[in-house]
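Hydrogens, waters and symmetry mates play no part in the numbers below; they use all other heavy atoms, side chains included. Read the numbers this way: they start at 1 and go in the same order the structure lists the ligands and their atoms.
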Amino acid sequence: MATGALMAAGEALSARVSHLSESATLAITAKAKALRAAGEDVIGFGAGEPDFPTPTHVVEAAQQACADTTLHRYSPAGGRPALKEAVADKTARDTGLSVAPEHVLITNGGKHAVYTVFQALLDPGDEVLIPAPYWTSYPEQVSLAGGTPVAVPTRLADGYRVGVDQLEAARTPATKALVFTSPNNPTGSVHHPDDVAAIGRWAAEAGLWVVTDEIYEHFVYGSAPFASLPVVAPEAADRCVVVNGVAKTHAMTGWRVGWTIAPAEVTAAMVTLQSHTTSNVCNIAQSAAMAALSGPQDHVAARREAFAHRAGIAHARLAALEGVDCPRPEGAFYAFPRVEGLLGRDIGGQRVESSAQLCQALLETAKVALVPGEAFGAPGHVRLSYALSDEELADGLQRLAKIVG
Ligand code: GLU
């Protein structure tokens, strides 16, 4: 295409899309993978993507599904009934929440689930409270639905846990919903069940919707166990949407299967939306997800142990660095150190003034890929995913210590 035509196309872009920033987590992951493919010795602390393989029984279920010719055709836009049943059974088993299949929507991963919820719930002007630091895609998805994201800052001193007082201070007559994520991406914080219950009760009294992202439910290493918000705060259940998926628990990031659990009316609206947008999620991936949810679960505990071990190693090494404050990760698979003490310093021959510049310098000189806190509404921080092999983790942390320490 000629340059003139490209410019014309650029001018034609909608305001909605032109204001969108690329997902930093995916961009940095892609960059690290491309550098490795080009022969560079890069350690990728970027994406939250387990290094473990998808379990064998899941892969075999997908192989069998490929040979089933009925699965070569369309299936119901909102998900295959057997997978909805499997999600309902899994939810009752793991969290105690009783769910009917008409409350379940199968989506193209957890990210698409969150997008679809906001499309279904928000009108222009609706405000959505998002505790910060937050996962990079939440505010963009709220904006794409015409809503207004409202960041609610949390403090390192509180372990980045949000409290009812902070939420109430941010609430206005336009507030429609709260996004709640525990275990948290990017901070690794986990809310105590009593605090989850208090937040749920507050939301119910305020008449707010809660979108609770439970994708890290099985990865908890601290003193607080996982708590599902509609279970510990049943009064919030009729305005609550649970988001989950197979990606993290079963090392299935590339298979793209997630789901929502929502009141029947909201689910029906989301199915209608999906019928005009994606149609059904790939049938083979749905078969794989069924096997993951209904088959043996032994790998889940084993992987939790591996991540708990890595959390300890990452925390010990990072907390020992001068100029770095790193709370101990309690869940998910992220460490989120504050690096303000490194700013204004010379890192690998470059003066760095921001966490974004620090990440750039670390990639160029130490060959380690981290995500800058700017992507999570928290400049002055960096995120490291420790969902990589023990050897790579040790190597990457050593490189950081060498250049920073
Ligand atoms: N949720 C993961 C992360 O934060 C995967 C990448 C993404 O979708 O953002 O790294």
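You'll find the side chain of Leu293 reaches within 4.5 Å of the side chain of Leu83, heavy atoms only.
Gln286 places a side-chain N or O within donor-acceptor distance of the main-chain N or O of Val281, the cut-off being under 3.5 Å. Side-chain N or O atoms of Gln297 include one that pairs as donor or acceptor with a backbone N or O of Gly295 at under 3.5 Å.
Contacts between Glu49 and ligand 1, counted as non-hydrogen atom pairs separated by less than 4.0 Å, are absent for every part of the residue. Residue contacts with ligand 1, taken as heavy atom pairs separated by less than 4.0 Å, involve Tyr334 solely via side-chain atoms from C-beta onward. Only the side chain of Leu26 comes within contact range of ligand 1, with a heavy atom under 4.0 Å; no backbone atom does.
Results of the side chain to side chain contact (heavy atoms under 4.5 Å, CB included) test with Tyr138 over Val179, Val128, Asn185 single out Val179 as the only residue that passes.
Nearest protein heavy-atom neighbour of atom 2 (C) of ligand 1: Lys248 NZ, 3.1 Å. Annotation: atom 7 (C) of ligand 1 to nearest protein heavy atom, Thr25 OG1, 3.3 Å. Counting only heavy atoms of the protein, atom 8 (O) of ligand 1 lies nearest to Lys111 NZ, 2.9 Å.
A tilted orientation is assigned to the rings of Phe333 and Phe219, their planes being inclined by 30° to 60°. The aromatic rings of Phe336 and Tyr160 sit perpendicular to each other, their planes meeting at more than 60°, with 30° as the lower class boundary.
Short contacts between ligand 1 and Ala47, defined as distances under 4.0 Å to a heavy atom of the residue, involve ligand atoms 10 (O). Near Asn185, with a cut-off below 4.0 Å to any heavy atom, the atoms of ligand 1 are 1 (N), 3 (C), 4 (O).
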